[in-house]
Amino acid sequence: MLQTAFAWLLIALLVPSAYPLARRLLAYSPVNDGPILTWMLALALGPGILTLIMLWLGLLAVAFDVAIIVVAYVAVLGIGYWVLGISYQLSVISHSGPELEVENQELRTPSSSFIAVYLLLAAIAIAVLFNAAWWPFSRDDAVGVYHPQAQLMSRTGALLPISETSLHDAYPMLIPLSYTFSYMASGWDNEYLARIIPALLALGCIPTAWLLARRMAGEQAGAVAAFILAITPVFGSWASHGYTDLPVGFYYALSAVFAMRLWQSGAMVDALLASVCMGMAAWTKNSALIGVGALGVWLLWARANRRINWQYMSGCVAVIGTIASPWYVRNLLAAGFLLPDTAWVDQAQPTLVNLLIYVTLPDNYGISGVLLLTGIAWGLWRAFRQPRTAVVEVVTVVWFVPFFGAWWLLASYDPRFLVSVLPITAALGGGVAMAAWRGMAANIRRRLRIVLLVIAIGLTAITVWRVVEFKAELLRNPLMSDAEKQAVVTER
C-alpha cells in the first residue's frame, strides 16, 4: 500500500517537474503565448523524456530500475535548465531572417460566458481522469498489447525482444514504457496509475486545440475549439483508455503550434520545439511519421519565405532523428523492417462516405461533426486563397491533409485512427464557428448566448455520462476491490 501511494506521488511530481525547463525554453522565443503553452510543453516533455531514458537504458543493456530512471530524469531536466540558463548565445543567434513584427498573445480576462465554458471543460477533464484512475484496462489493444508488453518489460527490466516475426512488439514504446514505469514504481501491475499518463496526454489535446484556434481567430475561438473537441463522442470514448491515438494527437498538434510560432518569430527554439514534438509523436505511434513529412514541407516553405535558414533546418532534422530514429533503427537491425506490417491496407474503404466521415458517422462525431467538416472546408479555402497571410490555416491544412489522405486511402477500415488529428480539426471548427458568430447581428448574438450556454451544459452532462463507464456497477459497489473491478470489465 505504501509503495503504491509512493508511485502515485512520484508520477504527480515527475510530470509537472518539466515546467521550469519548458518555461526556460520558451523564454528564448520573442512570442509569448502565456502559461498554457508552458504547461502543455511541460506535459509533452515529462513522459517523453522519462520513456526515452528507459529506451536508452534498454539499448545500452542497463536493467530498468526506478531509482536510476528517476535520477537520470531529474539530471536531464536539471542539466537542460542549467545549460539554457548560461547559454545566452542561443538568444543571439535565434533569429535568421529579417526583423519580424511579433504580436504576443498573453491571456486576457475572459468574459463570464467563456468562464462557464472553461468550467464545463474542467468537468469533462475530471470525468476522464476519474474513469482512468477507477477502472483497469478494458479495451482490446490496451488489454492484449500494451499491458502484456509492460508486464514483460517490468519483470525483465529490459526492452521487448524483436524478431522478424514481431508485429505489435515493434510499435513505438512511449505508452507501453509509461505503463512499465507505473508497474515498477508500484511494485505490482497498477493499471489504474498506468492509465493516468495516457489520459493526461489525451486531455492535453483540449488546450492544444485552444492554442491553435486562438492563433486563428482569437481566444473565443480557442474556447469554442476546446469545447468542440471535448464533447466529440470519439474523444470521450478513448481519452481514458490508455491508447496511443489521442496522445500522438497531442504531440502532433503541439508541433503545429510551434510551427505557427516559428513563422511569427523566426526563432530557432520554435523550430526545434516543433521538431521535438513531432519526434515525440513518432515515438508514440508510427502514424506520426506522416507528420515528419508535413513538418519538412512547412520548414521548406518557411525557408523559401526567409523565416529560417538552412542551419535551423539541419537542427530540426537532427532533433527528430535523435528522438525517434533509435527505435526505428533498432527495428531495422533486429527484425529487418522499420514499420511492422499491421495495417490492413486491403480493407481500406476510400469511399465518399468515409471522405465525409465527420458527418456520416454521427456515433463518433455527434453534433461536432458538422463544425469539424465545415471548419476543414473553411481552412482549405483560406489556405489556398491567401497562403501568405492565413498562416494558421496553412499549417493546419499541411498537418491535416496528408494524415487524412493516408487514412482514407490506406486505413479507413478504422475511424478511431482519425482522433489523432482531432485537435487540428477542432481548431478549424472553432475558427469557422467564430467567423460565423461575428457575422451575426449583435441583437441575434445576445438572444443566442443564453440558448447556446444551456445547450453547452446539456452536452457536457451527456459527455460526462458517457465518459464514466460501468456506472451501474460503480453505484452498486463503490468500494470494489481490484479483483472485483477486473471481473466487471472482463464481463463486458
Side-chain angles (χ1 to χ4, degrees), residues 1-18 42-78 129 132-139 141-162 166 168-202 240-244 247 280 283-284 323 326-327 330 481-483 485-486:
M1 180 65 74
L2 285 177
Q3 187 172 353
T4 299
F6 167 77
W8 280 92
L9 178 62
L10 188 62
I11 293 295
L13 292 174
L14 288 180
V15 173
S17 64
L43 176 59
L45 292 175
I49 293 172
L50 186 73
T51 54
L52 285 171
I53 288 170
M54 296 176 73
L55 168 65
W56 279 101
L57 289 176
L59 294 176
L60 297 173
V62 177
F64 296 157
D65 180 85
V66 172
I68 293 174
I69 295 168
V70 170
V71 169
Y73 177 80
V74 173
V76 168
L77 294 182
L129 289 174
W134 192 261
W135 297 110
F137 295 119
S138 60
R139 300 282 176 91
D141 284 359
V143 172
V145 179
Y146 308 133
H147 174 55
Q149 289 176 340
Q151 287 179 311
L152 180 60
M153 289 189 289
S154 65
R155 284 157 177 68
T156 62
L159 294 172
L160 295 169
I162 296 180
S166 297
H168 299 114
D169 292 346
Y171 281 176
M173 286 282 116
L174 187 148
I175 295 301
L177 282 174
S178 73
Y179 289 12
T180 302
F181 183 80
S182 298
Y183 295 171
M184 293 176 64
S186 301
W188 61 288
D189 298 340
N190 188 351
E191 299 175 45
Y192 312 97
L193 179 58
R195 288 172 58 141
I196 289 298
I197 287 179
L200 288 172
L201 293 174
S240 61
H241 285 280
Y243 271 51
T244 59
M280 292 294 188
W283 171 227
T284 306
I323 293 172
W327 178 255
R330 178 180 186 254
S481 65
D482 175 52
K485 291 179 181 179
Q486 294 284 357

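Side-chain contact between Thr4 and Tyr192 is absent, with no heavy atoms from C-beta onward closer than 4.5 Å. Between Val70 and Leu50, every side-chain heavy-atom pair lies at or beyond the 4.5 Å cut-off. For the pair Val15/Ile196, no side-chain contact is recorded, criterion being any heavy-atom separation below 4.5 Å from C-beta on. Residues Thr180 and Ser154 form a side-chain contact, since some pair of their non-hydrogen atoms from C-beta on lies under 4.5 Å apart. Counting only heavy atoms from C-beta outward, the side chains of Leu52 and Met280 approach each other to under 4.5 Å.
In terms of heavy-atom proximity, Ala194 sits nearest to Tyr183 at CB-CE2, 3.7 Å. Heavy-atom minimum distance, Met54 versus Phe64: O-CE2, 3.0 Å. Nearest approach of Ala199 to Ser240, heavy atoms of both residues: CB-CA, 4.4 Å. Of all the heavy atoms in Gly242 and Pro198, the pair that sits closest is CA-CB, 3.7 Å. The shortest non-hydrogen separation linking Ser182 to Ser186 is O-OG, 2.8 Å. Minimum interatomic distance between Trp8 and Ala133 (heavy atoms only, all atoms of both residues): CH2-CB, 3.9 Å.
Counted within 6.0 Å of CH2 on Trp56, heavy atoms from surrounding residues, nucleotides or ligands total 12 or fewer; the atom is thus considered open. Environment of CG in Leu2: sparse, with no more than 12 heavy atoms of neighbouring residues, nucleotides or ligands closer than 6.0 Å.
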Output, in order, the C-alpha distance, side-chain angles, deciding distance and verdict of side-chain contact (heavy atoms from CB on, under 4.5 Å) for Met173 and Met153.
CA-CA 11 Å; Met173 286 282 116; Met153 289 189 289; 3.9 Å; yes
What do the steps show when you test Leu201 against Thr284 for side-chain contact (heavy atoms from CB on, under 4.5 Å), and what is the final call?
CA-CA 11 Å; Leu201 293 174; Thr284 306; over 6 Å; no
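Put simply, CG on Leu57 and CG on Leu159 are 9.0 Å apart, with the number rounded to the nearest 0.5 Å. Note that CZ of Phe181 is 5.0 Å distant from CG of Leu14, once rounded to the nearest 0.5 Å. Taken to the nearest 0.5 Å, the CD1 atom of Ile197 stands 4.0 Å off from the CD1 atom of Ile11. Taking CG from Leu174 and OG1 from Thr51, the interatomic distance works out to 3.5 Å, rounded to the nearest 0.5 Å. The line from CG of Leu160 to NE2 of His168 is 12.5 Å long, rounded to the nearest 0.5 Å. Separation of atoms OH (Tyr179) and CZ (Arg195) is listed at 8.0 Å; rounding is to 0.5 Å.
Partners of Tyr171 by side chain to side chain donor-acceptor pair (under 3.5 Å), not counting sequence neighbours, listed by chain and number: Thr342.
At distances below 3.5 Å, at least one donor-acceptor pair connects side-chain atoms of Arg155 with backbone N or O atoms of Gln151.
Using a 30° and 60° split on the angle between ring planes, Tyr243 and Tyr146 fall in the perpendicular class, above 60°.
The salt bridge (Lys or Arg N to Asp or Glu O under 4.0 Å) pairs that include a residue from residues 64-78 number zero, where partners must be two or more places apart or lie in different chains.
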